[in-house]
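Below, chains carry the letters A, B, ... as their sequence lines are ordered, and counting in each starts from 1.
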Amino acid sequence: MDLSSLQRFLGRNAVDVAPELLGWTFYTTIGDARTAVTLTEVEAYMGADDPASHAYRGLTPRTAPMFEAGGLIYVYFVYGMHFCANIVTGIEGEAQAVLMRGGIPIAGVEVMAKRRGRTTNLANGPGNLAQALGLTTANSGWPIDGSLIGLEPGQPPERIATTRRIGISKATDRSWRFVADA
DNA sequence: ATACCGATTGCCT
DNA sequence: GGCAATCGGTATA
């Protein structure tokens, strides 16, 4: 999907965009290898009004991508060993992003298996998904323009389960996690 | 300058 | 179910 169409789709609240991204294909072409997954699990993170968001305390070098207009990715490093990737949404100045927590490998499976060091559970969990796609903080802020990173619409899931977000200690009451159910 | 802790994962019991 | 691994970001002095 081209960048302008994508910006139109992503230029809305992460909470609204997140469930609509289920079934979409997210892909990367890193190290000459194209890898792609169908998104099955996502979470929405907002900005100044979301204590669980990295952007809650304002713009910093790390979170800068979250404050841009939708259409790029935000990748962060956590627990001293894992990377997690987000699709930035919303308008410029209002930090919002959708954390990709799980997907079904559909292209470049061999490469993903090599990166993961295993052949199963390649892209379940945010850290695993980012690793399978070859994403690190070096890629944070990169545009989703279809060149090295891209996004394509797909078959929406029949049913979507909505739950609380995983692994956070603040704003735990918000049900902003969306999981494809079939 | 120093301390604390996390949008996690995989191995161990 | 419990817990160690491991380090950058953010807070506190």
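The shortest distance between the side-chain N/O atoms of A/T137 and the OP1/OP2 oxygens of C/dG8 is not below 4.0 Å. Between A/R116 and B/dT9 there is no side-chain polar atom (N or O) within less than 4.0 angstrom of OP1 or OP2. One finds no side-chain N or O of A/H82 lying less than 4.0 angstrom from the OP1 or OP2 phosphate oxygen of B/dT9. In this model, the phosphate group of B/dG10 is approached by a side-chain N or O of A/N128 to a distance below 4.0 Å at OP1 or OP2.
In the set B/dA7, C/dG9, B/dG10, B/dG10 carries the atom at the smallest distance from any side-chain atom of A/R118. With distances taken from any side-chain atom of A/R57 to the nucleotides C/dT10, B/dA7, C/dT6, the minimum falls on C/dT10. In this structure, of C/dT10, C/dC7, B/dT8, it is C/dC7 that holds the atom nearest to the side chain of A/F77. Closest contact between the side chain of A/P126 and the listed nucleotides B/dT9, B/dG10, B/dA7 involves B/dT9.
A/N124 places its CG atom 7 Å from the P atom of B/dG10, with the value rounded to the nearest Å. Between the C1' atom of B/dG6 and the OH atom of A/Y45 lies a distance of 11 Å, rounded to the nearest Å. For the pair A/D50 CG and B/dA7 P, the interatomic distance rounds to 11 Å; values are reported in whole Å. Nucleotide B/dT8 holds its P atom 11 Å from the CZ atom of A/R165, rounded to whole Å. Between A/R62 atom CZ and C/dC7 atom P the separation is 16 Å, expressed in whole Å. The CZ atom of A/R164 sits 17 Å away from the P atom of B/dA7 (whole-angstrom rounding). Between A/L59 atom CG and C/dG9 atom P there is a gap of 14 Å when expressed in whole angstrom units. For A/E43 and B/dA7, the CD to P distance is 11 Å, given to the nearest whole Å.
Residue A/K170 is the one, among A/Q131 and A/K170, whose nearest nucleotide of DNA chain B lies closer to the 5' end (criterion: closest heavy atom). Summary of the strand contacts: A/N121 and A/Y74 both lie near DNA chain B, and taking for each the nucleotide with the nearest heavy atom, the more 5' one is attributed to A/Y74.
You won't find any donor-acceptor pair under 3.5 Å spanning the side chain of A/Y79 and the base of C/dA5, going by distance alone.
Here A/L99 lies in heavy-atom contact (under 4.0 Å) with a base. Residue A/M100 is classed as having no contact, given no heavy-atom separation below 4.0 Å to the nucleic acid.
Side-chain contact between A/M100 and A/V37: absent, with no pair of heavy atoms (C-beta onward) separated by less than 4.5 Å.
Note on A/E43 versus A/R101: salt bridge recorded, some NZ/NE/NH1/NH2 to OD/OE distance being below 4.0 Å.
Base pairing annotation: C/dG1 forms a Watson-Crick or G-U wobble pair with B/dC12, both donor-acceptor distances under 3.5 Å. As the counterpart of B/dA7, no nucleotide is assigned, since no Watson-Crick or G-U wobble pattern has both distances under 3.5 Å.
To the nearest 0.5 Å, atoms OG1 (A/T162) and CZ (A/R174) are separated by 15.5 Å.
Enclosure of atom OH in A/Y56 is not indicated, since only 12 or fewer non-hydrogen atoms of other residues, nucleotides or ligands lie within 6.0 angstrom. Within a 6.0 Å sphere centred on CD of A/E110, heavy atoms belonging to other residues, nucleotides or ligands number 12 at most.
To the nearest whole angstrom, the two C1' atoms, one in C/dC3 and one in B/dC5, are 16 Å apart. Using P as the reference atom, C/dA5 and B/dT13 are 14 Å apart when rounded to the nearest Å.
For A/Y76 and B/dA7, the ring-to-base geometry does not satisfy the stacking test (centroid distance below 5.5 Å, interplanar angle below 30°).
Tracing side-chain contacts under 4.5 Å through hydrophobic residues (I, L, V, M, F, W, Y), one never reaches A/L151 starting from A/V88; they form parts of separate clusters.
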